[in-house]
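Remarks on the structure that follows.
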Amino acid sequence: MKTYKFKLYRHKKNKYLHYSINASASIYNHCIALHKRYYKMFGKHLNQFRLMKHIAKLRKRIKYWQQVGSQAVQDVIQRIEKAYQIFFKQHQKGTRPPNFKKCRKYKSFTLKQAGYKFIFNNKIKIGKQVFKFSLSRKIKGKVKTLTVKRNNLGELFLLVVTDYQQEHIPIVTGKNAGWDFGLKTFLTSSDSKSIESPLFFSQLRNKLKAANRSLSRKKKGSSNWYRAKDHLNRVYEQISHKRRDWFWKLANQLTDEYDVLIFEDLNLDGMKRLWGRKVSDLSLATFLEILETVATNKGKLVHYIDRFFPSSKTCSCCGYVNQKLSLQEREWTCLQCNTTLDRDANAAINIQRVGASTLKLGDVRQSQTAISV
Ligand SMILES: [Zn+2]
């Protein structure tokens, strides 16, 4: 599977796609209302196929809804179903059921096999209209789904998912390493490498602050306010693009160098509570997601250890556990063996050790690499 993202050229016709997204939002909200009402009346979950039948019938009468292809309607219902299934499984953890969405916040619709056609190089027919997009790279493989998505600036994108499988010849290096995330240094490894987070992050953060300040000075709803809001959204977008770019490059670099990469299982909510906004700035979760994708493609492995293992507090030389270690201490001396330990490097060594010992042979075989654990 491979996903391509293309930007649509700006054109008057694009308003039709905006209509379609808005109509999808209307269908979405109608379905949510039906789900809620059904549960209230019968105390049961509304079956998605019954809902599909009902909506298909209703769609014949409501002209506005015909803006959306029938497959996109099915996709809306499937999205809701998926959200409900996650809710059923994880409601103890505090997951909420899907809820109404403002039209403005509703972002996309998806078509499967029908309802669109690629013509020539960079043109696509969606419904009855032809749209032009910027073909930044060639589409390889058979197209599985097409999603039309808008961002906060009202720009439109095509997300094309194909069945293309990239072929990688696995480079076996026989190396594995444990990695610790930090606030100052992005990653520290058990073989004493450190990867700093790039400078442009903090530069862009200043830009973000300025944009936020400028917005707060404007009168809400005025045209200056809207302009400032667009600017703020553009800065957000810039940050996210730069960050993702850097993540992909780093993920490729690390998976070239190591066969197995070991991390601590993240408790992001807990970390946010402890350290505040900064953690989400570094967006570790996004990085790990990208790293896992790259690793799978290359036949490498990302392995996690239990987050309750005290990786920072344990001395990597003798195993003594320093219960008094606080978050602020960057360095500490072991009371038992007198070694001075760098907080991040010490944690990385522990993560590597625990990770390597909990690796199952199956995991390794799955990653098609032979490593010396
Ligand atoms: Zn020690």
Side-chain angles (χ1 to χ4, degrees), residues 172-198 201 247 250-251 253-285 287-288 291-292 295 300-364 367 369-373:
V172 181
T173 61
K175 276 163 77 182
N176 70 77
W179 299 86
D180 186 50
F181 284 114
L183 290 184
K184 258 178 74 196
T185 308
F186 184 63
L187 287 174
T188 308
S189 80
S190 54
D191 50 3
S192 56
K193 270 197 195 82
S194 53
I195 290 154
E196 304 292 331
S197 31
F201 281 167
F247 282 170
L250 183 62
Q253 191 191 324
L254 295 184
T255 44
D256 276 346
E257 210 169 319
Y258 299 93
D259 289 345
V260 179
L261 297 142
I262 304 162
F263 292 89
E264 234 170 343
D265 199 359
L266 287 177
N267 173 9
L268 276 178
D269 293 336
M271 285 168 92
K272 266 185 212 155
R273 230 174 295 134
L274 270 177
W275 291 339
R277 197 205 59 192
K278 262 197 162 164
V279 180
S280 44
D281 269 2
L282 294 171
S283 53
L284 316 177
F287 174 66
L288 287 176
L291 185 67
E292 278 179 37
K300 307 274 173 129
L301 185 70
V302 182
H303 183 62
Y304 295 98
I305 69 161
D306 193 328
R307 75 168 81 117
F308 297 109
F309 175 75
S311 57
S312 308
K313 291 177 182 166
T314 308
C315 167
S316 59
C317 289
C318 67
Y320 170 77
V321 180
N322 180 359
Q323 293 294 0
K324 285 186 201 133
L325 187 71
S326 71
L327 264 175
Q328 283 78 35
E329 283 176 85
R330 308 307 312 158
E331 227 182 56
W332 59 284
T333 306
C334 175
L335 288 176
Q336 201 165 293
C337 69
N338 234 349
T339 318
T340 305
L341 301 148
D342 174 76
R343 183 197 184 91
D344 295 341
N346 177 54
I349 293 170
N350 286 322
I351 290 169
Q352 191 270 340
R353 224 170 261 161
V354 174
S357 67
T358 52
L359 258 181
K360 284 186 222 86
L361 204 63
D363 298 335
V364 184
S367 78
T369 53
I371 56 148
S372 45
V373 174

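Order of appearance sets the numbers: ligands from 1, and atoms from 1 within every ligand. All heavy atoms count here, side chains included; hydrogens, waters and symmetry mates do not. Just so we're clear, the structure is a prediction, and the values are computed from it rather than from any experiment.
Here D180 pairs with nothing under the salt bridge (charged side-chain N to carboxylate O under 4.0 Å, His left out) rule; sequence neighbours left out.
For R343 (side chain) and L325 (main-chain N/O), no donor-acceptor pair under 3.5 Å exists by modelled atom type. Side chain of T339 to main chain of L341: no donor-acceptor pair is present (N/O by atom type, distance under 3.5 Å, no hydrogens or angles). Between the side chain of D259 and the backbone N or O of V172 there is no donor-acceptor pair closer than 3.5 Å.
Using a 30° and 60° split on the angle between ring planes, F181 and F186 fall in the perpendicular class, above 60°.
Taking every heavy atom of both residues into account, F309 and E264 meet most closely at O-OE2, 3.7 Å.
Counting only protein N, O or S atoms closer than 2.8 Å to the Zn ion (ligand 1) gives 4.
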